Colleague: 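My structure is below; once you've seen it, I'll send some questions.
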Amino acid sequence: EPEVTQTPSHQVTQMGQEVILRCVPISNHLYFYWYRQILGQKVEFLVSFYNNEISEKSEIFDDQFSVERPDGSNFTLKIRSTKLEDSAMYFCASSAGAPGYTFGSGTRLTVV
Amino acid sequence: AQSVAQPEDQVNVAEGNPLTVKCTYSVSGNPYLFWYVQYPNRGLQFLLKYITGDNLVKGSYGFEAEFNKSQTSFHLKKPSALVSDSALYFCAVRPNRDDKIIFGKGTRLHILP
């Protein structure tokens with residue numbers, strides 16, 4: 001069964017550093033998403049991406065965040081200057097449209 | 001505002017007994033409804049979904065969910081719980097095909113041996 005692949009599985013970074021989280025969505029999917037989950041808490045929507053542009057973003061997705069699909073296969077989330085409160089599990093997801101997504105296994109980001 | 005409510009933070013069930021994890025939603029129109037499960041230090045695994053049709057939906061690992069439009073509920077059920085079902089369960093809704101998925105806060109299920 002096709003999978004959404006996320007790398008790395010765990011990343012530790014110093015506060016103030018830039019970090020890039022990588023995702024390879026399912027190849028024929030057109031809609032891409034990033035969600036985050038602060039440890040053991042609710043899963044929160046960050047951003048959706050379609051046709052090479054952001055279609056929706058949440059209040060969490062401020063100017064420190066950006067997304068990119070640089071080469072037609074990868075889908076990346078960049079955090080420019082990480083804060084302690086950015087520590088969370090970040091999930092990438094992709095969809096061909098309705099009705100559901102396929103989630104990746106997540107990247108645990110720890111900001112120290 | 002659109003929302004999903006999981007009223008129980010934790011549910012404890014003895015192994016072999018039936019289990020129910022509750023979910024209600026407040027979304028306009030006819031949303032798609034989902035249940036996901038998360039095991040410790042793992043990602044989100046899809047369990048089942050309701051799109052249309054039969055109100056009782058069967059999913060992975062023997063789980064099922066019942067859609068009740070009048071009560072705007074989508075409770076997760078299993079006739080006989082296993083210790084291995086212990087995990088964090090998320091109810092989620094997708095208001096229409098282009099919208100984001102909105103998650104409930106999650107319910108931690110403990111199956112007691």
Side-chain angles (χ1 to χ4, degrees), chain A residues 1-10 21 23 25-26 29-51 53-61 67 88-110, chain B residues 1-10 23 25 27 29-54 57 59-60 65 67 74 86-110:
Chain A
E1 188 170 332
E3 290 183 344
V4 174
T5 305
Q6 289 187 245
T7 55
S9 57
H10 189 191
L21 308 182
C23 170
I26 294 173
H29 284 185
L30 302 175
Y31 300 84
F32 312 108
Y33 309 85
W34 282 100
Y35 284 74
R36 81 169 186 191
Q37 182 188 31
I38 294 174
L39 186 61
Q41 303 297 315
K42 187 177 180 177
V43 179
E44 301 172 295
F45 169 76
L46 290 178
V47 65
S48 57
F49 190 88
Y50 171 70
N51 201 25
E53 62 183 21
I54 291 173
S55 46
E56 188 175 355
K57 61 183 180 180
S58 72
E59 295 172 352
I60 302 167
F61 194 89
V67 289
M89 181 76 92
Y90 289 81
F91 292 107
C92 174
S94 69
S95 166
Y101 302 169
T102 301
F103 282 90
S105 56
T107 293
R108 182 174 299 282
L109 177 66
T110 302
Chain B
Q2 299 177 121
S3 63
V4 178
Q6 292 182 244
E8 304 147 320
D9 290 335
Q10 183 167 309
C23 172
Y25 61 92
V27 173
N30 298 309
Y32 304 129
L33 302 165
F34 306 89
W35 277 98
Y36 288 87
V37 60
Q38 186 180 32
Y39 297 100
N41 299 312
R42 301 292 295 276
L44 294 166
Q45 293 184 33
F46 170 79
L47 271 183
L48 50 78
K49 65 179 181 281
Y50 174 81
I51 308 302
T52 186
D54 193 350
V57 178
S60 307
F67 170 61
F74 190 55
S86 298
L88 186 58
Y89 289 80
F90 291 97
C91 181
V93 300
R94 188 174 183 183
N96 65 60
R97 65 171 288 165
D98 292 329
D99 280 359
K100 59 185 178 291
I101 285 181
I102 302 166
F103 283 84
K105 64 178 172 64
T107 297
R108 194 165 296 280
L109 180 62
H110 284 288

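Hydrogens, waters and symmetry mates are skipped; everything else that's a heavy atom, side chains included, is used. Every value quoted in this text rests on a predicted model; they were computed, and no experiment measured them. In what follows, chains are A, B, ... by sequence order, proteins preceding strands, each numbered from 1.
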Colleague: Side chain, backbone, both or neither: which part of B:Q38 has an atom under 4.5 Å from a heavy atom of chain A?
Modeller: side chain
Colleague: Could you point out which residue of A:F45, A:Y90, A:F61 forms a side chain to side chain contact (heavy atoms under 4.5 Å, CB included) with A:R36?
Modeller: A:Y90
Colleague: Can you tell me which of B:G104, B:P40, B:G106 forms the most heavy-atom pairs within a distance under 4.5 Å of chain A?
Modeller: B:G104
Colleague: Evaluate the ring planes of B:Y36 and A:F103, with Trp represented by its six-membered ring, and classify them as parallel (under 30°), tilted (30 to 60°) or perpendicular (over 60°).
Modeller: perpendicular
Colleague: Is the A:F91-A:Y35 ring centre distance short of 6.0 angstrom?
Modeller: no
Colleague: With a 3.5 Å cut-off and no angle check, do the side chains of B:Q6 and B:T107 form a donor-acceptor pair?
Modeller: yes
Colleague: Which bit of B:L44 comes within less than 4.5 Å of chain A, counting heavy atoms only: side chain, backbone, both or neither?
Modeller: both
Colleague: Please classify the contact between B:F46 and chain A as side chain, backbone, both or neither, with a heavy-atom cut-off of under 4.5 Å.
Modeller: neither
Colleague: So which part of A:Q37 gets closer than 4.5 Å to some heavy atom of chain B, the side chain, the backbone, both or neither?
Modeller: side chain
Colleague: Roughly how far, to the nearest 0.5 Å, is CG of A:L21 from CE of A:M89?
Modeller: 11.5 Å
